[in-house]
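What follows is a single structure, written as structure tokens, with notes after it.
Throughout, protein chains are lettered first and strands after them, A, B, ... in sequence-line order, and every chain is numbered starting at 1.
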Number of protein chains: 2
Amino acid sequence: MILAAALSAALTAAQAARTHVQQHEPAIVEELRSFVALPNVASDHEGIEKNAAALVAMFGKRGIGARLLRVEGAPPIVIAEWGKGDRVINFYAHYDGQPVDPAQWATPPWSPAIKDGRLYGRSASDDKAPIIAMLAAIDAMKSAHIQPAARIRFVFEGEEEAGSPHLETYLKQYANELRADAWMICDGPVHQSGKLQLYFGARGVTDVEVTTYGPSRPLHSGHYGNWAPNPIVALTHLIDSLRDTEAKILIPGFYDDVTPLTAAERAAIAEFPDVDSSLKHELALGRTEGEGRPLALQILAPALNLRGFDAGHVGAKASNAIPSTATASIDFRLVPAQTPEGVQHRVESFLASQGWFIVHETPDAPTLLAHPRVVKMTWGAGYPAARTPLDSPFSARVIAAITEGTGTAPLRAPSLGGSVPMYLFMNGGKTPAVGLPIVNYDNNQHAANENVRLDYVNRAVEIFASLFAGL
Amino acid sequence: MILAAALSAALTAAQAARTHVQQHEPAIVEELRSFVALPNVASDHEGIEKNAAALVAMFGKRGIGARLLRVEGAPPIVIAEWGKGDRVINFYAHYDGQPVDPAQWATPPWSPAIKDGRLYGRSASDDKAPIIAMLAAIDAMKSAHIQPAARIRFVFEGEEEAGSPHLETYLKQYANELRADAWMICDGPVHQSGKLQLYFGARGVTDVEVTTYGPSRPLHSGHYGNWAPNPIVALTHLIDSLRDTEAKILIPGFYDDVTPLTAAERAAIAEFPDVDSSLKHELALGRTEGEGRPLALQILAPALNLRGFDAGHVGAKASNAIPSTATASIDFRLVPAQTPEGVQHRVESFLASQGWFIVHETPDAPTLLAHPRVVKMTWGAGYPAARTPLDSPFSARVIAAITEGTGTAPLRAPSLGGSVPMYLFMNGGKTPAVGLPIVNYDNNQHAANENVRLDYVNRAVEIFASLFAGL
């Protein structure tokens with residue numbers, strides 16, 4: 001049951017937000033610009049601390065006492081509460097960003113630049129824009145004297161892009177401080193059509209760095225080629241044994257753990273606008289993977305993505321040498337019922353069955369001599385998929401508040417294609433969690449020239465006000 | 001028929017060289033050190049000119065007037081003549097070196113360092129050591145008042161490592177200046193056993209840079225993986241369609257052009273010491289390519305070598321993105337009767353038959369949209385293989401002079417595994433050419449930390465003296 005009063009409050013708050021944005025847009029943009037200017041790679045201790053301190057100051061300016069939760073060796077989590085009552089809704093986002101390769105950026109990643117209605121910089125969209133929009137929604141409701149409908153708790157993590165290796169510890173160690181009736185996860189991009197979409201789950205993730213070995217020192221390809229094993233060729237064959245060019249994973253039994261989509265989930269996907277043709281054109285794609293199946297379905301399936309391959313040299317630096325090693329970086333996207341441990345086990349078992357001797361540290365010469373095919377696998381932190389039913393009571397409240405506040409029903413994605421650690425928030429499935437992305441899809445998230453459309457930030461202020469007042 | 005007088009002269013000259021080295025080794029090493037200190041990548045115009053000028057000065061110091069032959073846009077060829085008579089023997093080497101990646105060097109590539117009896121630096125072995133040894137052999141014979149047996153002409157090229165793109169033009173444009181009765185090609189390493197080997201041919205070479213295409217901008221692997229084509233996977237499958245992990249080239253008909261080895265050639269190979277086991281141990285190889293066939297045979301077969309692969313990022317820079325392109329660098333080693341044009345045609349025809357649309361310039365968006373699989377192929381300069389019969393009269397003279405001067409019969413390799421443009425010198429097969437490598441095989445030629453063993457330089461002085469006096 002959704003209360004009529006709550007719906008009315010959502011609408012009133014959204015209208016107040018619209019007025020606030022009209023009057024204060026330059027200040028909102030300036031607050032975003034200052035925040036994006038702070039370097040925020042999770043491994044950069046000093047930069048991360050500056051970001052956390054900036055968040056505390058930003059809440060303080062609004063009369064909200066934020067504080068830092070700390071776990072040794074991890075970036076702090078910033079938490080802040082606004083409003084009263086027994087019901088607690090946590091709004092999650094992360095303030096760290098992906099590593100950068102500055103040479104590939106048109107403007108430096110932490111020198112925000114505004115061009116054609118977009119603000120460019122690392123984390124402009126992922127996730128600094130949602131954080132700034134939440135703060136602006138607080139301002140809007142405060143100046144209109146609108147109280148939040150529940151206790152709204154902001155929970156901002158500082159190492160999501162590093163795979164959230166300490167989030168579980170935080171949630172256990174600070175169980176009292178973080179316990180909530182539900183979570184809103186404010187990460188990820190809107191649908192490619194520009195329509196608002198909620199996601200009720202997220203794929204899990206695990207990643208691995210794979211290295212194959214050739215001669216212990218680079219060898220002249222003319223004098224030793226055809227005889228000294230070429231590590232690049234070893235690695236291309238290893239990769240091709242894992243995955244075909246239609247994105248199908250070839251490891252026997254890999255899909256056995258996959259939970260099939262429900263009828264309700266299939267119906268929600270059917271409501272999605274067709275964006276595939278326009279995306280193909282925009283991205284200059286002469287084909288897609290997945291034997292023609294639509295993007296909306298493909299991102300609900302397990303994935304094996306090649307992220308990088310590095311060996312020897314190409315271009316002007318190419319030389320006639322067989323390199324000593326070849327390395328590829330792979331990520332796996334997991335769906336409900338798959339786990340990182342399960343995927344790691346299946347991958348390693350399969351490679352072992354193909355004759356690979358698997359090591360997890362750089363092999364010494366005796367190891368390389370003793371085994372014809374040695375591969376080093378270095379697994380990163382990972383986590384499983386998670387999903388809240390589309391028809392849970394909390395799901396229904398979120399859908400209703402946004403529909404009322406914005407005048408439009410949002411799309412409902414059973415899962416986000418990308419990975420956020422929703423499983424941790426859901427406490428074994430007992431606590432619902434819903435994802436609310438607000439940034440443009442063409443934001444170059446995780447790559448060079450990341451950006452956010454400023455009109456999307458404005459819309460987000462209204463959306464957050466609807467939820468703060470209407471949930 | 002080999003004259004007894006010539007053999008006696010070879011022995012006398014070798015003995016004079018031995019005495020000279022004993023008395024002047026520090027000066028020889030210092031001349032090598034100064035020469036290696038000059039940066040010499042073929043594309044570095046200024047560096048190349050300094051190398052050429054240094055060579056002219058080094059000959060001048062010995063009373064030999066060297067001069068520069070010039071073709072527009074190419075590094076000069078340095079030529080110098082010593083001795084009299086109608087018979088002319090050209091001694092070829094190159095003074096340019098492979099490009100460097102200084103980060104991989106223990107000491108800077110052009111700051112020569114001496115350690116454990118080796119001199120380290122780019123081109124220390126390939127080919128600056130042979131050049132210095134020839135000059136020292138001249139000194140040795142001059143101080144012992146020994147005249148060369150023929151007119152010895154030194155021909156030093158400045159862009160061999162760039163694929164000798166102007167050598168053919170030089171040989172045509174300066175046909176009178178460069179015409180000879182035979183060529184000695186003083187490039188490449190000795191046999192891995194340390195034994196001196198002559199080579200009577202060389203594999204040809206052609207290289208290609210191969211680029212595949214994904215989305216026009218990097219995409220988040222979670223939101224687009226499984227749907228947006230992964231250019232790394234496209235390229236691994238392309239590579240695997242060309243070559244297996246036993247070095248076999250899978251292009252139909254690829255081996256049709258190959259001339260089989262003669263009985264004499266097979267017999268000469270059978271005399272080679274077995275170095276495979278010790279090489280495997282030294283290089284930490286748990287296997288070799290070629291189904292167990294020995295290195296000496298494998299380097300006489302055509303080869304497809306992967307030299308580099310670059311796409312996205314690995315390691316600390318890895319990010320969850322599908323890259324826009326993937327690029328591999330490949331070289332092909334050619335055997336007699338194969339040509340670069342023939343190989344290029346076979347490779348491109350095969351890829352086209354596999355559904356690839358081949359372009360030679362970076363494709364625009366309409367091209368990428370119109371074709372499901374686009375590959376850019378950028379072919380470098382190349383040249384065919386060449387071979388002088390093991391039993392030609394000149395071959396016999398070279399073998400005899402070295403046997404006499406050094407007291408040991410050299411090994412006879414029908415072809416060097418590496419590529420030198422012997423076909424150009426051979427004038428359609430009419431002029432014999434024999435390769436004489438003098439540097440240690442473990443010289444890191446073409447890679448970081450290139451080096452030459454100084455005891456090999458000393459031996460080379462004797463060898464060159466034997467030939468100058470005995471040919």
Item to check | Of T236(B), D310(B), V314(B), the residue whose pairing with F309(A) passes side-chain contact (heavy atoms from CB on, under 4.5 Å) | outcome: T236(B)
Item to check | Atom NZ of K376(A) with >12 non-hydrogen neighbours under 6.0 angstrom | outcome: yes
Checklist entry - Considering only heavy atoms, which portion of I239(A) lies under 4.5 Å from any heavy atom of chain B: side chain, backbone, both, or neither? => result side chain
Next on the checklist: Can you tell me which portion of D442(A) sits under 4.5 Å from chain B's heavy atoms? Options are side chain, backbone, both or neither.
Outcome noted: both
Item to check | Within-4.5 Å side-chain heavy-atom neighbours: R373(B) and T245(A) | outcome: yes
Item to check | Toward chain B, the part of L235(A) with a non-hydrogen atom under 4.5 Å | outcome: neither
Next on the checklist: Between S319(B) and R307(A), is there a side-chain donor-acceptor contact under 3.5 Å, judged purely by atom types and distance?
Outcome noted: no
Next on the checklist: Under 4.5 Å from any heavy atom of chain B, what part of A448(A) do you find: side chain, backbone, both or neither?
Outcome noted: neither
Item to check | Heavy-atom side-chain contact between H313(A) and S329(B) under 4.5 Å | outcome: no
Checklist outcome for this item: Turns out that what part of H371(B) lies under 4.5 Å from chain A's heavy atoms comes down to backbone
Checklist entry - What part of A284(A) gets closer than 4.5 Å to chain B, counting heavy atoms only: side chain, backbone, both or neither? => result both
Item to check | Portion of D207(B) that has a non-hydrogen atom of chain A nearer than 4.5 angstrom | outcome: neither
Checklist entry - chain A heavy atoms under 4.5 Å from L297(B): which part of the residue, side chain, backbone, both or neither? => result neither
Checklist entry - Under 3.5 Å, side chain of R287(B) to main-chain N/O of P229(A), donor-acceptor pair present? => result no
Next on the checklist: Counting only non-hydrogen atoms closer than 4.5 Å, does R333(A) touch chain B with its backbone (N, CA, C, O), its side chain (CB onward), both, or neither?
Outcome noted: side chain
Checklist entry - Say you draw a straight line from NZ of K317(B) to CD of Q98(A); how long is it, rounded to the nearest 0.5 Å? => result 13.5 Å
Checklist entry - Do E289(A) side-chain atoms and N230(B) backbone N/O form a donor-acceptor pair below 3.5 Å? => result yes
Next on the checklist: Once you measure the plane-to-plane angle for H220(B) and H446(A), does it fall in the parallel (<30°), tilted (30-60°) or perpendicular (>60°) bin?
Outcome noted: tilted
Next on the checklist: Need one label for L306(B): side chain, backbone, both or neither, based on atoms under 4.5 Å from any heavy atom in chain A.
Outcome noted: both
Next on the checklist: Could you check whether any side-chain heavy atom of R217(B) comes within less than 4.5 Å of a side-chain heavy atom of E282(A), counting everything from C-beta outward?
Outcome noted: yes
Checklist outcome for this item: Cut-off 4.5 Å, heavy atoms of chain B, and the answer for F357(A) is neither
Item to check | Side chain, backbone, both or neither of D364(A) within contact of chain B (heavy atoms, under 4.5 Å) | outcome: neither
Checklist entry - Using a cut-off of under 4.5 Å for heavy-atom pairs, which of V233(B), L295(B), I299(B) has the most such pairs with chain A? => result L295(B)
Item to check | Portion of H223(A) that has a non-hydrogen atom of chain B nearer than 4.5 angstrom | outcome: both
Checklist outcome for this item: Note: vs chain A, highest number of non-hydrogen pairs under 4.5 angstrom among L285(B), D101(B), V41(B) is L285(B)
Item to check | Side-chain heavy atoms of N444(B) within contact of P218(A), under 4.5 Å | outcome: no
Item to check | Top of L283(A), N226(A), D331(A) for chain B proximity - count of heavy-atom pairs under 4.5 angstrom | outcome: N226(A)
Next on the checklist: Taking every non-hydrogen pair under 4.5 Å, which of A326(A), G315(A), P99(A) racks up the most with chain B?
Outcome noted: G315(A)
Checklist entry - If you measure from CD on Q445(A) to CG on N320(B), what distance do you get to the nearest 0.5 Å? => result 9.5 Å
Item to check | K280(A) versus chain B, the contacting section by heavy-atom distance below 4.5 Å | outcome: both
Checklist entry - Where does P294(A) contact chain B at under 4.5 Å (heavy atoms): side chain, backbone, both or neither? => result backbone
Item to check | Worked check of side chain to side chain contact (heavy atoms under 4.5 Å, CB included) between L279(B) and W227(A) | outcome: CA-CA 11 Å; L279(B) 266 181; W227(A) 183 83; 3.7 Å; yes
Checklist entry - Taking G188(A), G214(A), A247(A) one by one, which has the highest count of heavy-atom pairs under 4.5 Å against chain B? => result A247(A)
Checklist entry - Under a 4.5 Å heavy-atom cut-off, does chain A meet the side chain of N305(B), its backbone, both or neither? => result both
Next on the checklist: So for P323(B), is it side chain, backbone, both, or neither that comes closer than 4.5 Å to the heavy atoms of chain A?
Outcome noted: side chain
Item to check | Under 4.5 Å from a heavy atom of chain A, the part of P302(B) involved | outcome: backbone
Checklist entry - Using a cut-off of under 4.5 Å for heavy-atom pairs, which of D240(A), D276(A), L219(A), V374(A) has the most such pairs with chain B? => result D240(A)
Item to check | Side chain, backbone, both or neither of Y441(A) within contact of chain B (heavy atoms, under 4.5 Å) | outcome: both
Checklist outcome for this item: Max heavy-atom pairs within cutoff under 4.5 Å with chain A, candidates A311(B), A447(B), A365(B), G312(B), goes to A311(B)
Checklist entry - chain B: which of A321(A), G290(A), P363(A) shares the most heavy-atom pairs with it under 4.5 Å? => result A321(A)
